[in-house]
*Asks:* 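Have a look at this one before I ask anything.
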Protein chains: 2
Amino acid sequence: MSVTDFEQRRNKILELIIEAHIASASPVGSEFVARKLRSSLSPATIRNIMGELEGDGYLSQPHTSAGRVPTDRGYRFYVDSVMDVRRISLDELRQIELLIRPAEVDLELLLERASAALAALSQQAGFAVVPTVKQSRVRQVEFVPLGVRKILCVLIANDEMIASHVVEIVEPMTRDEAVALARFINTELGGLSCRELMESLERRMLAERDSFYHVVKRSLDILQQALSTEPEERFVLEGTSALVSQPEFANDPRKAHALLKGLDAEEALLARIRQDIAPDGVRVRIGREVQVAGLEACSYLTAPVAAGDAVVGGIGVLGPKRMDYPRLRALVEGVSRCVTELLTRWDER
Amino acid sequence: MSVTDFEQRRNKILELIIEAHIASASPVGSEFVARKLRSSLSPATIRNIMGELEGDGYLSQPHTSAGRVPTDRGYRFYVDSVMDVRRISLDELRQIELLIRPAEVDLELLLERASAALAALSQQAGFAVVPTVKQSRVRQVEFVPLGVRKILCVLIANDEMIASHVVEIVEPMTRDEAVALARFINTELGGLSCRELMESLERRMLAERDSFYHVVKRSLDILQQALSTEPEERFVLEGTSALVSQPEFANDPRKAHALLKGLDAEEALLARIRQDIAPDGVRVRIGREVQVAGLEACSYLTAPVAAGDAVVGGIGVLGPKRMDYPRLRALVEGVSRCVTELLTRWDER
DNA sequence: ATTAGCACTCATTAGATTAGAGTGCTAACA
DNA sequence: TGTTAGCACTCTAATCTAATGAGTGCTAAT
């Protein structure tokens, strides 16, 4: 037998063990693997191989007389090298479109629905990172006077992403002045993000003299106030109850409690997930890799959501380490593609 | 001893038992009550009274050799007739204002913060029922053209409640037309709620002839589209993890699971809570009174949130039946007053 | 009306026993 | 040299038993 033959056999056994553990939530023994292998190898041989796999850190034993359980490293190897990459079924894709489609008028709603769909189809938690105007290119700015000293500042990034905030102004402003001011800002936009726009205005303000200085300053003041309450991005997390109901948590109150604490601190999770949202497709974080206190027993998958070429946000699934990686990978990838397609098509109009 | 003396004694004992149970989460025995009563009565006498209380349905025994636990009826009697009504402490009030104040520019954000504050201070779940423009009086309508066939419809109920939706229109519209149309709708508003406005427009549409018919129809179409994706109201629920960590759930996976299922169906809970939001202050629903599947082991308190005289929404706390009613009653009442004051003051400007 | 005394109930806990799942090792075998 | 049957060993999980003790309800005395 050649070296690669041995390796293949090892991997096959690792795969079987991991998949059996994912299905059963309990340790897997040599006998079970032998049966699955249709007796091409005896339990004793399999025990030897399982011993090796444990030695190399892919498996571990909860206790002497138990079967084996995958380690984080085992899962990682499985995800990277062993499991087969599937595509989402057309049937599921259709279901997703049905859930998501009606919400395509509003990006936030769309991603909320997407995360709800992920939660529903995965029976675990679904999440989405939703961009806001604050970090996007603004296409149009409008001012609507509400009274003498109040105007509504409407920031339009694109048709699905709009923010409006009431701004109090010191000097009264007529309707015409408001229109003129908005027109000025609109000429300044030129494909800049909010942040860049503000910086550009600040520079101009320092450079300009006389009466025009006031126009720029006024614009800047209003924008600053309007954006002050707008968050950088929103994080949506749904279906956490399904997560807590998974056997690893339901059977162990302490683990459940740790999980809930971890989920409560959404910022920490968001910060971690943000690092994984990249144009290169689905990413997987397993167990300790998650690096969020309380979520050591969990894994998550993320995928980017793009409009055209620009990644604008992300979606994903959070579950126990013992999750169905092939299925969920396909699911997350499918939802990501589906949403991206919707956004891109919308963008092109 | 007169009849009322006996009654007072009974109530005192019921009070002691309920408060002890709230504090300890376990059944309360006669000995404990006797000690609390500073030996003015012997445990045997107390047992007799406890027997009466059980006979009348205020207490029950988990099993023969356990102490007593309050029934729903017991809690109800306690809440209605026994417990003393406190006021929130100035210290807590200050804390709440600190948490809520920065969000007063936006009603939704304000109530979100309020529910978060309730969750934090109660160590249980806090919730809020947030009104939207759809069920409110609209003060001003504005149309912002986004392109030839798209306009942004901005509905302003008041400075804290604004909704904007992109609407696709069949016939192109110039900027001037948009302004004129908005002006027309604004003259029609006159203190009507969205729903009433639509109905009034529909009536006018049927009555009008000729060119003006189109103006009305067009307005109606746009408003209908704009409002189609707007929900009637929003429901915010925070701090559910603290709720699941309460001993009654943490020690019993089945109960925890039922609770999580119940919380997942937010609509059912919202529908129930809506019935309790009335101008007459704090209301309490206990155990089975909640009438939401899965939440039989919970109670909630609600209080209205008003702007001036009009109730616009509500806030409250959801926890185990075994909750500190006097404290939470004061808390919910305090937050309700605090928010209502903010809104009213804002409204008066 | 109150209470001391007491028998009784029953959940909880600890300890002991057992069953069995799964292992690692050894020695035999292909 | 890789594979495998056999077997002793380990440790969990389940089941049982007994002891503990918290709390009750009843009775009879005050």
Side-chain angles (χ1 to χ4, degrees), chain A residues 1-10 12-14 16-17 20-21 24-56 58-71 247-248 250-253, chain B residues 1-10 12-14 16-18 20-21 24-56 58-71 247-248 251-253:
Chain A
M1 240 190 200
S2 74
V3 177
T4 53
D5 279 348
F6 273 104
E7 229 167 69
Q8 271 187 8
R9 203 174 62 177
R10 259 177 59 133
K12 181 69 190 166
I13 288 171
L14 182 60
L16 279 173
I17 292 173
H21 179 67
S24 71
S26 41
V28 181
S30 55
E31 190 115 17
F32 179 89
V33 177
R35 260 207 312 284
K36 277 275 163 188
L37 238 33
R38 290 214 205 84
S39 308
S40 68
L41 284 175
S42 79
T45 313
I46 298 194
R47 275 203 291 282
N48 287 334
I49 300 169
M50 283 164 82
E52 281 177 42
L53 285 167
E54 179 166 6
D56 294 350
Y58 296 111
L59 296 176
S60 75
Q61 277 181 295
H63 54 85
T64 336
S65 73
R68 297 319 207 280
V69 159
T71 60
E248 28 270 271
N251 298 331
D252 185 344
Chain B
M1 241 188 199
S2 74
V3 177
T4 52
D5 278 349
F6 273 103
E7 228 168 69
Q8 269 189 9
R9 202 174 64 179
R10 257 176 61 133
K12 182 70 190 166
I13 287 171
L14 182 59
L16 279 173
I17 292 173
I18 291 183
H21 179 66
S24 71
S26 42
V28 181
S30 55
E31 189 114 18
F32 179 88
V33 177
R35 258 207 313 284
K36 277 276 163 190
L37 239 32
R38 288 212 208 87
S39 309
S40 67
L41 286 174
S42 78
T45 313
I46 298 195
R47 276 201 291 281
N48 287 334
I49 300 168
M50 284 165 83
E52 281 176 44
L53 285 167
E54 179 166 7
D56 294 349
Y58 297 110
L59 296 176
S60 76
Q61 275 181 294
H63 54 85
T64 336
S65 73
R68 298 315 206 286
V69 158
T71 60
E248 29 269 273
N251 297 332
D252 185 342

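Since the model is a prediction, treat every value here as computed from it, not as a measurement. First the proteins, then the strands, lettered A, B, ... as listed; each starts at 1.
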*Asks:* side-chain contact (heavy atoms from CB on, under 4.5 Å) with A:Arg47: which residues, sequence neighbours excluded?
*Replies:* A:Ser30, A:Pro43, A:Ala44
*Asks:* Between B:Ile46 (CD1) and C:dT3 (C1'), how many Å, whole number?
*Replies:* 12 Å
*Asks:* Rounded to whole angstrom units, what separation is found between the CD1 atom of A:Ile49 and the C1' atom of C:dG24?
*Replies:* 15 Å
*Asks:* Using atom CG of A:Leu41 as one end and atom C1' of C:dA30 as the other, report the distance to the nearest whole Å.
*Replies:* 15 Å
*Asks:* Suppose we screen for side-chain contact (heavy atoms from CB on, under 4.5 Å). Which residues come up paired with A:Asn48, at least two apart in sequence or across chains?
*Replies:* none
*Asks:* I need the CD-C1' distance between A:Glu52 and C:dG24, as an integer number of Å.
*Replies:* 14 Å
*Asks:* Just one of B:Thr71, B:Ile49, B:Val28, B:Leu14 clears the side-chain contact (heavy atoms from CB on, under 4.5 Å) bar with B:Leu59, so which one?
*Replies:* B:Leu14
*Asks:* Using the side-chain hydrogen bond (donor to acceptor under 3.5 Å, both in side chains) criterion, which residues pair with B:Ser24? Sequence neighbours excluded.
*Replies:* B:Ser26
*Asks:* Listing time: all N or O pairs from protein to nucleotides 12-22 of chain C that are below 3.5 Å?
*Replies:*
| unit_1 | atom_1 | unit_2 | atom_2 | d |
| --- | --- | --- | --- | --- |
| C:dG22 | O4' | A:Ser65 | O | 3.2 |
| C:dG22 | O3' | A:Ala66 | O | 3.4 |

*Asks:* Output the rounded distance in Å from CD (A:Glu54) to C1' (C:dG24).
*Replies:* 11 Å
*Asks:* Not counting sequence neighbours, which residues clear side-chain contact (heavy atoms from CB on, under 4.5 Å) with A:Asn251? List them please.
*Replies:* A:Pro247
*Asks:* How many whole angstroms separate atom CD1 of B:Ile17 from atom C1' of D:dG23?
*Replies:* 13 Å
*Asks:* What is the separation between atom CG on B:Asn48 and atom P on C:dT3, rounded to the nearest whole Å?
*Replies:* 10 Å
*Asks:* Excluding sequence neighbours, so at least two apart, what forms side-chain contact (heavy atoms from CB on, under 4.5 Å) with A:Gln61?
*Replies:* A:Glu54, A:Arg68
*Asks:* Expressed in angstrom and rounded to an integer, what is the separation of A:Asp5 atom CG from D:dT1 atom C1'?
*Replies:* 15 Å
*Asks:* With nearest nucleotides of DNA chain C determined for B:Pro62 and B:Ser40 from heavy-atom distances, which residue corresponds to the more 5′ nucleotide?
*Replies:* B:Ser40
*Asks:* Quick check on C:dT3: is either OP1 or OP2 less than 4.0 Å from any side-chain nitrogen or oxygen of B:Thr45?
*Replies:* yes
